[in-house]
Structures are given as structure tokens and as C-alpha cells.
Amino acid sequence: MKKLKNELALILEPFLKEYLSLEEIEETLELPKFAEQGDLAFPCFKLAKSMRKSPHIIAQELSQEISSDKFEVKNQGPYINFYINRQELAETILTEILSKKEDYGSSEEGQNRPVIIEYSSANISKELHFGHIRGIMIGSSLYKITKTLGYKAIAINHLGDYGINFGKIITAYKHWGDKEHIEKIGVRGLLELYLYFNKASAEDPSYMEEARRWFYKLEEDKDPEALELWKWFKDVSLKEYNRVYKLIGCTFDSYAGEAFYSDMMPDIRQELLEKDLIIEDDGAEIIDLSDENLPNVIVTTSQGSSLYITRDIAAAIYRKQEYDFYRNCYVVGSEQRLHFTQLKAILKKMGYDWWDQCEHIDHGLVMMETGKISSRDGDNIFLEEVIQTAIQKTRDSIEERNPELEDKDEIARQVGLGALAYRELSNSRVKDYTFNWDETISFEGETGPYLQYTNVRCQSLLTKGAYDESLGFDGSHLTEDSSKELLWELGLLPSILTSAFEKMEPALLSRYLMGVAKLFNKFYAQVSVIVDNKEEKNSKLALVKAVS
RNA sequence: GCGCAUAUAGCUCAGCAGGAUAGAGCACCUCCCUCCUAAGGAGGGGGCCGGGGGUUCGAAUCCCUCUAUGCGCGCCA
């Protein structure tokens with residue numbers, strides 16, 4: 001695609017060089033909305049002023065002068081439309097895809113530059129509820145996209161394994177805890193403790209004091225009892241998280257959570273003091289960000305403990321030293337926008353010129369019909385249950401539609417997960433959405449199963465047609481409309497991946513794949529495949545799926 | 001109160017570094033399994049692109065303003 005645009009720009013350049021540079025010509029070229037308007041179009045509005053003619057006349061005149069054996073040139077109104085030679089298109093694109101196979105779309109453009117994708121970042125001792133699925137799917141997808149483009153991707157699960165919450169849980173455990181019970185039911189047991197605590201401290205503030213003391217003991221005194229409990233809570237939680245991660249198929253390169261940075265807290269505080277950024281206020285230490293038009297930030301509590309933001313400052317500095325990141329992406333819900341804006345502002349004030357390489361990749365919230373999900377009130381559904389239910393419902397549906405199928409369990413697993421994944425990745429990141437079972441496990445239309453179904457169709461054709469790669473292909477068999485549209489779309493993959501990476505927007509890729517699948521199904525309906533060796537087409541379709 | 005985000009078909013959403021007739025899916029109505037798995041395909045109805053101003057030859061797209069919704073705003077993460 002890029003190549004084509006470039007070639008076309010070169011053809012146009014001699015006619016336009018007085019007015020536009022080669023780059024400008026390339027940028028001006030656009031994809032027409034309708035098929036009858038060609039494959040690429042050059043709008044002449046920009047030229048009207050400098051050439052002092054109406055765009056219509058310019059387009060008309062130019063279209064008569066330009067000629068190329070690769071493109072057919074037509075003039076429609078103020079546009080010059082270019083129609084590519086179909087046989088050549090087929091040969092260019094198919095050769096590219098078939099030679100790269102599964103690697104089609106991947107590239108070296110990342111030059112191995114380090115890109116950090118922080119995602120999931122589970123809060124130890126709290127459950128992974130279904131609101132977390134969004135961040136996990138988005139993060140995991142971005143991680144794969146980043147890798148595909150030749151960047152050195154680093155997935156970090158910035159565990160919430162520190163902070164006053166641990167004081168709360170320890171307090172609750174000391175009062176009402178039961179070791180066996182927790183061993184038995186896992187994170188649920190810890191969550192119960194958390195809920196007990198909230199209830200009790202609402203009535204009696206002294207519990208909160210106790211919690212503060214425990215966290216101080218953990219952070220400053222390295223109290224052995226506190227440390228041991230902390231470690232245990234972490235183990236119990238991680239065991240459960242890993243089960244979910246495995247089910248979803250996402251991976252991490254590092255589990256360096258907040259506690260990991262605890263030793264750096266004194267140095268960070270010292271650095272902030274030296275850079276004269278800290279102000280005393282009510283016994284706490286704050287940073288004034290009013291010149292950035294932001295609210296003040298507390299970096300040390302009146303108890304002398306660190307906070308979330310303090311640890312994030314340390315984490316950013318550590319990551320820069322350790323990985324020398326090119327981009328440091330935080331895949332975190334949009335409710336934390338202010339936090340990350342403040343974090344960046346502080347890093348800027350500290351004089352780190354890489355502050356704007358840190359990016360908050362925010363995403364909208366998942367709501368229930370009843371409203372926002374809150375661990376505090378315990379009104380949640382465990383993520384694992386959601387996944388299992390999705391699989392079960394898929395299984396039921398198979399039983400209904402296709403009872404004689406083999407491997408029903410495995411298929412249900414793949415289709416159920418695919419449905420969930422597509423549901424999470426198809427909308428723009430920033431949108432909130434309300435969780436709804438019917439839509440999530442719907443199999444018709446723009447859904448995960450549609451993509452998978454399409455892929456299955458491809459595979460089936462390859463098998464039945466006894467595809468033999470060594471026979472090669474002949475582009476002249478691939479010139480009817482549906483083939484051409486499909487080929488054209490396939491050629492777009494690299495540029496889609498690039499912009500998905502730049503914008504950190506997986507939806508660009510999922511929607512693109514949906515487009516490919518739709519075009520394939522159209523092609524499938526219109527063209528009979530098992531006639532000659534058009535099987536090529538399908539093989540690379542399968543490859544496109546492999547990327548997803 | 002202040003800040004940030006969102007607003008497009010009955011529902012869920014694309015399109016938004018201005019450009020040719022505003023697009024999908026679901027739902028609704030017609031057709032298509034003697035033909036590569038119909039979880040599919042072809043077609044139809046359905047839109048003051050939240051309201052109002054402005055910039056421009058041209059605005060769903062850019063600017064201003066209002067409204068509605070969501071999120072956030074010092075010792076949670």
C-alpha cells in the first residue's frame with residue numbers, strides 16, 4: 001500500500017512539482033469511499049489557489065496528461081481517480097504475503113527500541129473482577145502488536161502489592177482472620193476481610209489508625225510478622241491471578257509491583273527535597289503543581305508513609321534506567337487520568353526530559369446494568385466466573401446448534417474466549433460500556449465467532465482443495481471485484497498495525513480484521529474456489545487471522 | 001464549584017490531522033442451502049451526526065457556547 005502510494009506520487013510529481021513536494025502529493029492521495037471511484041484518488045482542491053483554476057478543470061486537464069501502465073486514470077469532478085491493474089495488484093500482494101507467511105505484517109520498524117506496556121496491575125488481596133477484563137485484553141493486545149512491529153516489548157504487571165490497604169487487611173486478619181478458611185477459598189477470603197474492615201472502621205475510626213500503624217510497620221520497620229503476612233497475601237492472590245491470565249492467554253515479563261520500589265522511597269524523597277519541590281502542609285509533604293494548572297499532590301503522608309504516586313515516580317525513574325524505554329505506556333482506566341497527568345508533571349519538574357515518553361493509555365469503564373463496579377461494596381462478579389460462564393454458554397449453544405460435534409469443550413473454550421476478546425477490543429478504548437451477557441456471547445454479526453468462523457472456512461477450503469503451495473499462483477485468476485477488494489484490504493495490514501501502535505488502539509486492528517473477514521465471506525459467496533489454484537488466497541487469509 | 005472525557009439509525013458502535021452520495025452490526029421486513037459448513041450471503045425500511053452560534057468554496061469532523069451523561073478533584077490504589 002505504502003509502496004503503491006509512493007509509486008503513484010512519483011508518477012504525479014513531474015506534473016505538480018511546481019506546486020507540491022513529493023511528500024505532499026503522497027499525503028494528499030486518499031482512499032476513495034466508493035469502489036467505482038477507484039483505488040486511490042487525488043483531490044485537486046489544494047491546487048486551485050496556486051494554479052488559479054477551478055479544481056474541476058485542473059482534474060480534467062491533469063487526468064489527460066498522466067499515463068501509466070500500472071494505473072488507469074479517470075477524472076470525476078474535482079478528483080483524479082486511479083484504478084490499479086488488478087493482476088499486478090494480486091501478484092504484488094500475494095507474493096509478499098506468501099513469502100512472509102505468519103510474519104506478514106510484522107516488521108523491523110521498531111528497531112528493537114524498548115516499549116513498556118504496563119497492564120492488568122492487579123491489586124493484591126482483591127479479586128480480579130470482570131471490570132478488569134478491559135485493561136487485560138487491551139494491554140495484552142498492545143503488547144502483541146508492539147512485538148510484531150519489531151519493538152522490544154516489555155509487559156509489566158505493576159502489582160498493587162503495597163500501601164495502606166495492606167495495613168487494613170492485616171488489621172482485619174488479626175481481628176477476624178482464619179488461616180484455613182483463606183487457604184481454602186483464596187482471594188475471596190481476603191476480600192471478605194477487606195469488607196469486614198470497611199464495615200468496622202466506618203463505625204470505629206480506631207481501626208483505621210491500627211491499619212496505618214501496620215502499614216508503617218511494614219514499610220519502615222520491616223516488621224517480620226507484617227512481612228510474612230504480606231507475602232502470604234501476595235502468594236494467595238497471585239496463584240489465582242495466574243490461573244486467570246493463563247485462561248486468557250496473556251503474559252508478563254515482569255511482576256515488579258509497588259513493593260518492589262519501596263527501597264527507593266527514601267532516595268526519591270531526598271531527590272524531591274533537593275530539587276526544592278516539597279512543601280510541608282498539615283504534617284504531610286506535598287508538591288505544588290499550580291503552575292501546571294493541576295491540584296497539589298501528597299507524596300508523603302503525615303505518618304511518613306509513601307503513597308501510590310510516590311511509588312509511581314520511583315517506578316518511572318527505575319524503568320528509564322533499567323530499560324531506557326522509548327515509550328512507557330500505562331494501560332489503566334480513565335478514572336486515573338488526573339493521577340498520570342500529575343505524575344508526568346512531577347517528572348517534568350524534576351527535570352527529566354523523558355517525562356512525555358510516559359503515556360497513560362486510558363480506557364473507559366465497564367459498568368454493570370446497576371452501575372459502577374466497586375470492590376469496596378463487594379458487588380462484583382469474579383472475572384474467572386465471567387470467563388467460565390462465557391465458555392459454558394457457548395457450550396450450550398453448540399449443543400443446540402451442532403450436537404454431534406467433536407471436541408465440544410475445546411471449541412467452546414476458544415469460541416467463548418474469542419467472543420469476549422472481540423467484545424472488549426472492538427470499541428474505541430476511551431468508551432465506557434455496559435456489560436451485557438446477550439451481546440457478549442452473541443455469535444452473529446460483528447463478533448469474535450464471526451472472525452473464527454471465517455478462518456474455519458478458509459482452513460476448510462485449503463483442506464478440501466488440497467492446496468499445494470509449490471504450484472504458485474496466477475494473478476489473472478484473481479481479477480473480479482470481490483477478489484480485488486479482498487486483496488487490496490489485505491495489503492493494508494502493515495499500515496493498520498503501525499497506526500494501532502502509534503495510537504495504542506487495538507480497535508483499529510480488530511475492526512480491520514472484521515473488514516477482511518467480511519470481504520472474504522463476500523468473496524466466498526461469489527466465487528467458487530475449488531476450481532483452479534486460487535487457494536493461495538485462503539492461505540494468507542488464515543495468516544491474517546494468526547496475527548490477531 | 002473546577003477539570004477531563006463522551007454525545008452519530010430503536011439498540012451497540014465506526015467515520016473526526018475538513019472534501020465526492022453519513023457507514024456497519026443487532027433488532028425489524030424480503031429473498032438465497034440440487035452449488036466449497038446458513039455461526040453465512042443478497043436486498044429493504046429506519047438519521048435536523050445532542051442544541052445554538054462561528055471559521056471555510058465546503059463542517060459529523062475545526063473554534064466558541066449551552067445541555068445531558070460518565071469519571072476525577074490532599075493523606076486509597
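By convention in this document, chain letters (A, B, ...) are assigned in the order of the sequence lines, proteins followed by strands, and residues within each chain are numbered from 1. Both backbone and side-chain heavy atoms feed into the values below; hydrogens, waters and symmetry mates do not. From a predicted model like this one, the values you see are computed outputs, not experimental measurements.
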### Message
Anti or syn, where syn is a glycosidic angle within 90° of 0; which label fits B:C33?
### Response
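This nucleotide is in syn.
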
Separation of the [atom1] atoms in [N] and [M], to the nearest angstrom:
{"N": "B:G18", "M": "B:C49", "atom1": "C1'", "value": "15 Å"}
{"N": "B:C31", "M": "B:A22", "atom1": "C1'", "value": "27 Å"}
{"N": "B:A39", "M": "B:G45", "atom1": "C1'", "value": "26 Å"}
{"N": "B:G50", "M": "B:U6", "atom1": "P", "value": "13 Å"}
{"N": "B:U30", "M": "B:A68", "atom1": "P", "value": "43 Å"}
{"N": "B:A38", "M": "B:C57", "atom1": "C1'", "value": "50 Å"}
{"N": "B:A5", "M": "B:A9", "atom1": "P", "value": "22 Å"}
{"N": "B:U12", "M": "B:G53", "atom1": "P", "value": "28 Å"}

| query | Parallel under 30°, tilted from 30 to 60°, perpendicular over 60°: which one fits the rings of A:Phe435 and A:Trp437? | reply |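 Perpendicular.
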
- Item | Derivation and outcome, side chain to side chain contact (heavy atoms under 4.5 Å, CB included), residues A:His339 and A:Asp312 | CA-CA 10 Å; A:His339 167 79; A:Asp312 255 358; 2.8 Å; yes

| query | Are the ring of A:Phe45 and the six-membered base ring of B:G19 within the stacking cut-offs of under 5.5 Å and under 30°? | reply |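 Yes, A:Phe45 stacks on the base of B:G19.
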
Does A:Tyr79 stack onto the base of B:A20, taking stacking as ring centres under 5.5 Å apart and planes under 30° apart?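 Per 5.5 Å and 30° rule: yes, stacked.
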
Quick check: any donor-acceptor pair below 3.5 Å linking the side-chain of A:Ser302 to the base of B:C75?
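Answer is yes: a donor-acceptor pair is held.
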
What contact category does A:Asn296 fall into here, base, sugar-phosphate, or nothing, at under 4.0 angstrom with non-hydrogen atoms?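 Base contact.
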
| message | Regarding A:Arg311, tell me which of base, sugar-phosphate or nothing describes its non-hydrogen contacts under 4.0 Å with the strands shown. | response |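 Sugar-phosphate, backbone atoms only, no base.
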
When you check the side-chain N and O atoms of A:Asn455 and A:Tyr453, is any donor under 3.5 Å from an acceptor?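 No - no donor-acceptor pair under 3.5 Å links their side chains.
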
Report the residue (A:Gln336 or A:Phe42) whose heavy-atom-nearest nucleotide on RNA chain B is the more 5′ of the two.
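Whichever sits nearer the 5' end wins; that is A:Phe42.
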
